[in-house]
Amino acid sequence: MLLSITVATYNVQDFVRESIESILNQSFRDFELICIDDGSKDNTVKILKEFEEKDSRVRVISKSINQGLAVARNESLALAKGKYVAFFDGDDIYDCTLFEKVIQKAEEENSDMVLWDYVTFYKAEEIEKKQKEYSLLNDISSLDKIALLQRPAFTWVKLLKVEKVRSIGIHFPDGYTRQDIPVHWHLIIELDKISILPERLSYYRQQPEATTSKKDTKLFHLAYVTDIVKEYLLNSKLYNTYKDEFLRQQLNLLFGMYDNVDYQYKKEALQIVRSRLNNDQLDYIYSNKPIREQARCFYLSLNGNFFAKIKLKLWYISRFIYRFIKKL
């Protein structure tokens, strides 16, 4: 078998049928579909079972308790029988030519990984127009590790050679959201045969109930998964090689965590940020290396810079006014 497709689901009854249909209706058909449901309380499993009964390519594994997306991803990788594997989510949609195009690219270039692009959408009618937009993947060399690290870490825009990713010990960290961030770093750094397909072939559904839309303490996982990245870099003796890019991403993510978390968790979020500000981070901030301007003001204000505090306050006010007007 050439391809294993794995889909993780949790309470996505409103979207999973459309998602699975977009997979089963692919122009390339030589694949297995492993669906791991992570303890859904709605009709997700019932819908998946309907597909399993009708299509021999479908295998459904239903868990009685919720263990998290990382566990499902790791189990999927262990179960995959194909030469290649892709990890998908049960609420997104996939272009009907996706499998055919990425398999062709992987086989032609003997790839360990193929990366492609995506669109975000709220309503399906948005997809066709967005799909035609220029892909920044056109401007990236597959040999440019830094540029590849700067791409979104999403697992569902990657085709992976099973034997290779198993050999380098890919593991999604259990218990965390954003668990694809350390895996993204591991894959980009470790794999040499990376191919790029600059087409928007995954359609990323935006929904307020998604885990990544929550404003609760799960946002703190952004700090924890970047800790895992740092540990990997240190253990691999690659920290100095990728230090600037790591610090850029870490500082932006920590600010984003603090900025987006609900007010009741701000104090705890600030403690998490402060505990990760050491000489490396401060040297990076004061050296004017690339970082979001709002993030720089945030960190400078924490260090007592009066003008940074004023600038950050004005930015918050202007953002509030913009959002208020937009709601009118």
Show your reasoning for whether side chain to side chain donor-acceptor pair (under 3.5 Å) applies to Q26 and E100. CA-CA 8 Å; Q26 290 283 314; E100 179 180 356; over 6 Å; no
Does atom NZ of K266 have more than 12 heavy-atom neighbours, drawn from other residues, nucleotides or ligands, at distances under 6.0 Å? yes
I'd like to know whether I189 forms a side chain to side chain contact (heavy atoms under 4.5 Å, CB included) with L233, so could you lay out the CA-CA distance, the side-chain angles of the two residues, the decisive distance to 0.1 Å, and finally the verdict. CA-CA 10 Å; I189 290 174; L233 293 174; 3.6 Å; yes
Considering only NZ, NE, NH1 and NH2 on the basic side and carboxylate oxygens on the acidic side, decide whether R276 and D227 come within less than 4.0 Å. yes
Salt-bridged, E133 to K130, with N to O below 4.0 Å? no
When you look at Y84 and E163, which way does the side chain to side chain donor-acceptor pair (under 3.5 Å) test go after all the steps? CA-CA 8 Å; Y84 304 99; E163 181 181 13; over 6 Å; no
dist I188:CD1 -> Q150:CD (nearest 0.5 Å) comes out at 11.0 Å
Just verifying a value: how many Å separate K313 NZ and S301 OG, rounded to the nearest 0.5 Å? 11.0 Å
Is there a chain of hydrophobic side chains (I, L, V, M, F, W, Y, each step under 4.5 Å between heavy atoms) that links L159 to Y204? yes
What pair of heavy atoms forms the shortest contact from T226 to L253, and how long is it? CG2-CD1, 3.7 Å
Heavy atoms of D180 and T155 approach each other most closely as CB-OG1, 3.1 Å
Y118 pairs by ring-ring contact (aromatic ring centres under 6.0 Å, His included) with which of F88, Y203, F154? F154
Within the distance-only criterion (no hydrogens, no angle test), does the side chain of N252 pair as donor or acceptor with the backbone N or O of R292 below 3.5 angstrom? yes
Kindly indicate, with the supporting measurements, whether the criterion side chain to side chain donor-acceptor pair (under 3.5 Å) is fulfilled by N74 and D174. CA-CA 9 Å; N74 292 326; D174 299 353; 3.3 Å; yes
Apply side chain to side chain donor-acceptor pair (under 3.5 Å) to K41 and N66, showing your working. CA-CA 10 Å; K41 306 302 182 186; N66 181 265; over 6 Å; no
For the backbone of L137 and the side chain of S135, can you confirm whether one donor and one acceptor N or O come within less than 3.5 Å of each other? yes
For A70, is there any backbone N or O sitting under 3.5 Å from a side-chain donor or acceptor partner on Q179? no
Backbone of S19 reached by a side-chain donor or acceptor of S22 within 3.5 Å: yes
Determine whether more than 12 heavy atoms belonging to other residues, nucleotides or ligands lie under 6.0 Å from atom NZ of K63. yes
In Å, rounded to the nearest 0.5 Å, how long is the span from CG of D14 to CG of N43? 9.5 Å
In Å and rounded to the nearest 0.5 Å, what is the SG to CG distance from C35 to L33? 4.0 Å
Donor-acceptor under 3.5 Å (Q281 side chain, N278 main chain): yes
R151 bridged to D117 by N-O distance under 4.0 Å: yes
Does W156 have its ring centroid less than 6.0 Å away from the ring centroid of Y94? no
Looking at E199 and K105, is any side-chain nitrogen of the basic one under 4.0 Å from a carboxylate oxygen of the acidic one? no
For the side chain of H221 and the backbone of T177, is there at least one donor-acceptor N/O pair under 3.5 Å apart? yes
What's the shortest heavy-atom distance between H184 and L149, and which atoms? NE2-O, 3.5 Å
D89 and R73 ion-paired at < 4.0 Å: yes
Residues R319, D259: salt bridge by 4.0 Å N-O rule: yes
Same apolar cluster: V119 and L201, side chain cutoff 4.5 Å: no
Angle class for the F298/F255 ring planes (parallel below 30°, perpendicular above 60°, tilted otherwise)? tilted
Strictly by modelled atom types, are D37 and T9 linked by a side-chain donor-acceptor pair under 3.5 Å? yes
Hey, any chance V16 and I93 share a hydrophobic cluster, counting ILVMFWY side chains that come within less than 4.5 Å of each other, even indirectly? no
Tell me the closest heavy-atom pair linking H186 and G169, and the distance in Å. CE1-O, 3.9 Å
Kindly indicate, with the supporting measurements, whether the criterion side chain to side chain contact (heavy atoms under 4.5 Å, CB included) is fulfilled by E190 and V165. CA-CA 9 Å; E190 295 284 347; V165 298; over 6 Å; no
Minimum heavy-atom distance D30-M1, with the two atoms named: OD1-CG, 4.2 Å
Can you confirm whether the side chains of Y284 and Q250 place a donor and an acceptor under 3.5 Å from each other? no
Before we go on, tell me: are the rings of F31 and F99 under 6.0 Å apart, centre to centre? yes
Measure the NZ-CG distance between K101 and D95 for me, rounded to the nearest 0.5 Å. 6.0 Å
In terms of heavy-atom contacts, E126 and T120 come closest through OE1-O, 4.4 Å
Going only through I, L, V, M, F, W and Y residues with side-chain contacts under 4.5 Å, is there a path from L77 to L79? no
Donor-acceptor pair, side chain of Y299 and main chain of L251, under 3.5 angstrom: yes
Starting from L314, can I reach Y316 by hopping between I/L/V/M/F/W/Y residues whose side chains sit under 4.5 Å apart? no
Tell me, with the steps shown, if F87 and S76 meet side chain to side chain contact (heavy atoms under 4.5 Å, CB included). CA-CA 8 Å; F87 301 93; S76 297; 4.1 Å; yes
Check this for me: does any side-chain nitrogen of one of E52 and K49 sit under 4.0 Å from a carboxylate oxygen of the other? yes
Looking only at the side chains, is there a donor atom on one of E109 and S195 sitting less than 3.5 Å from an acceptor on the other? yes
Does a side-chain N-to-carboxylate-O contact under 4.0 Å join E50 and R17? yes
Checking side chain to side chain contact (heavy atoms under 4.5 Å, CB included) for the pair V261/K215: CA distance, chi angles, key distance, verdict? CA-CA 5 Å; V261 76; K215 306 291 186 181; 5.7 Å; no
Under the side chain to side chain donor-acceptor pair (under 3.5 Å) rule, what pairs show up with a residue in residues 138-148, not counting sequence neighbours? Y134-D139
F121 six-ring centre to R205 NZ/CZ under 6.0 Å and within 45° of normal: no
Where the side chain of N305 meets the backbone of A308, is there a donor-acceptor pair that is under 3.5 Å apart? yes
Salt bridge check, E293 against K311: does any charged N sit closer than 4.0 Å to a carboxylate O? yes
Just by modelled atom types, is the V12 backbone N or O under 3.5 Å from a matching donor or acceptor in the T44 side chain? yes
Would you find a donor on one side and an acceptor on the other, under 3.5 Å apart, between the side chain of S27 and the backbone of C96? yes
Starting at NZ of K289, measure out to CD1 of I285 and round the result to the nearest 0.5 Å. 12.0 Å
D280 with K243: basic N within carboxylate O range, under 4.0 Å: yes
